[in-house]
Amino acid sequence: MSDNQEYLENLGHLEKRLKSYEGRPSAVAGVAKDPVNLPMIRHWCEAMGDTNPAYNGPDSVAPPTMLQTWTMGGLSGHTGRTQAYDELLALLDEAGCTAVVATDCEQEYVRPLRPGDEITFDAVIESVSERKTTKLGTGYFVTTRMDVRVGTDLAGTHRFRILKYAPARPREKPQAARPGPRLRPRPVVNRDNAGFWEGVRQHRLLIQRCTGCGTLRHPWLPGCATCGGPDWDTVEASGAGTVYSYVVLHHPPFPAFDPPHAVALIELAEGVRMISNVVGVPYDKVRIGLPVRLEFRTYDDELVLPVFRAGQEEVA
Ligand code: ZN
């Protein structure tokens with residue numbers, strides 16, 4: 001048997017073992033250490049800067065995104081934890097996937113949680129991906145799903161994904177020494193903000209508007225922070241704005257950028273703010289209150305970004 005055949009056989013064997021963990025519980029009949037309570041809600045809201053009145057007062061609900069918080073075990077761990085998850089991680093360690101990074105989480109909310117609710121939970125290893133190669137290295141995505149309940153009622157689900165991987169070897173040459181163009185980083189387009197980037201592609205700057213209470217918001221989000229409403233439409237920005245704040249980046253150097261350059265928080269005439277670049281003036285002429293006007297700049301075949309131009313007469 002050649003080395004290559006042996007390698008593939010071992011890999012197949014490993015992947016079979018990894019897959020055997022799918023569907024196995026990682027926590028059974030877990031019980032939250034505390035019921036849903038106002039002090040934890042208050043600390044959360046302070047840390048997040050969330051002043052939504054729904055989260056305090058006698059009829060308060062817990063912020064939905066606190067879902068996982070109620071199930072956290074702290075330093076001493078939580079009840080109900082099984083061996084399966086630890087075994088799976090140990091198996092990946094043995095296979096050389098010794099590094100780990102949390103990649104994302106997804107939550108679904110079924111019913112609101114209120115102070116006094118006693119939380120229980122179960123968790124399952126939902127999936128182990130095929131072998132994937134990322135910039136970090138080669139490894140496996142492991143997704144767990146936690147079902148959070150009050151009594152027998154499902155309150156929500158929390159999916160958590162990690163990448164367990166063998167770190168890639170450092171590149172032989174640092175990136176700065178490589179020839180070729182330095183492309184600007186791509187925006188992260190997801191289902192919540194896809195409409196915004198579609199607008200940008202068409203040279204339209206679209207602001208989300210809650211159809212419940214009319215509040216404008218940016219960046220795009222699935223719900224309204226003012227009234228909690230999930231429904232929205234858009235309005236097109238007029239393009240007028242001012243510099244609300246800015247920083248000048250000197251270091252570290254980054255391919256595609258030519259430091260120093262100014263990154264500005266632009267307040268649009270409609271009232272929402274967005275991070276962008278100010279063009280048309282040197283970085284050291286950018287000032288708070290500087291009037292600017294929207295334009296769309298094409299950076300390469302795939303990338304159009306909204307930027308804001310300041311008039312030379314404004315900074316003279
Ligand atoms: Zn609203």
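First listed ligand is number 1; within each ligand, the first listed atom is number 1.
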Which atom pairs, one a donor and one an acceptor, fall under 3.5 Å between side chains of residues 119-129 and the rest of the protein, sequence neighbours left out?
{"unit_1": "D122", "atom_1": "OD1", "unit_2": "A29", "atom_2": "N", "d": "2.7"}
{"unit_1": "D122", "atom_1": "OD2", "unit_2": "R149", "atom_2": "NH1", "d": "2.9"}
{"unit_1": "E126", "atom_1": "OE1", "unit_2": "R159", "atom_2": "NE", "d": "2.7"}
{"unit_1": "E126", "atom_1": "OE2", "unit_2": "R145", "atom_2": "NH1", "d": "3.0"}
{"unit_1": "E126", "atom_1": "OE2", "unit_2": "R159", "atom_2": "NE", "d": "3.4"}
{"unit_1": "E126", "atom_1": "OE2", "unit_2": "R159", "atom_2": "NH2", "d": "3.1"}
{"unit_1": "S129", "atom_1": "OG", "unit_2": "F141", "atom_2": "N", "d": "2.9"}

Quiz prompt | F160 side chain near V142 side chain, heavy-atom distance below 4.5 Å | solution =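 Counting from C-beta outward, F160 and V142 never come under 4.5 Å.
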Quiz item: Atom OG1 of T157 and atom CE of M146: how far apart are they, to the nearest 0.5 Å?
Solution: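 The distance works out to 11.0 Å.
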In residues 286-298, what donor-acceptor pairs under 3.5 Å come from side-chain atoms, sequence neighbours left out?
{"unit_1": "R287", "atom_1": "NH1", "unit_2": "D284", "atom_2": "O", "d": "3.2"}
{"unit_1": "R287", "atom_1": "NH2", "unit_2": "D284", "atom_2": "O", "d": "3.3"}
{"unit_1": "R293", "atom_1": "NH2", "unit_2": "S238", "atom_2": "O", "d": "2.8"}
{"unit_1": "E295", "atom_1": "OE1", "unit_2": "R309", "atom_2": "NE", "d": "2.8"}
{"unit_1": "E295", "atom_1": "OE2", "unit_2": "R309", "atom_2": "NE", "d": "3.3"}
{"unit_1": "E295", "atom_1": "OE2", "unit_2": "R309", "atom_2": "NH2", "d": "3.1"}

Quiz prompt | Listed protein N/O/S atoms, distance to the Zn ion (ligand 1) under 2.8 Å | solution =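 For the Zn ion (ligand 1), the protein N, O and S atoms that sit under 2.8 Å away are C210 SG, C213 SG, C224 SG, C227 SG.
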Exercise. May I ask you to decide if G271's main-chain N or O and R273's side chain share a donor-acceptor pair within less than 3.5 Å?
Key: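 Side chain of R273 to backbone of G271: no pair is present.
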Using a 3.5 Å cut-off and no angle test, enumerate the donor-acceptor pairs between side-chain atoms of residues 90-103 and protein atoms at least two apart in sequence or in another chain.
{"unit_1": "D93", "atom_1": "OD1", "unit_2": "K164", "atom_2": "NZ", "d": "2.5"}
{"unit_1": "T103", "atom_1": "OG1", "unit_2": "R161", "atom_2": "O", "d": "3.2"}

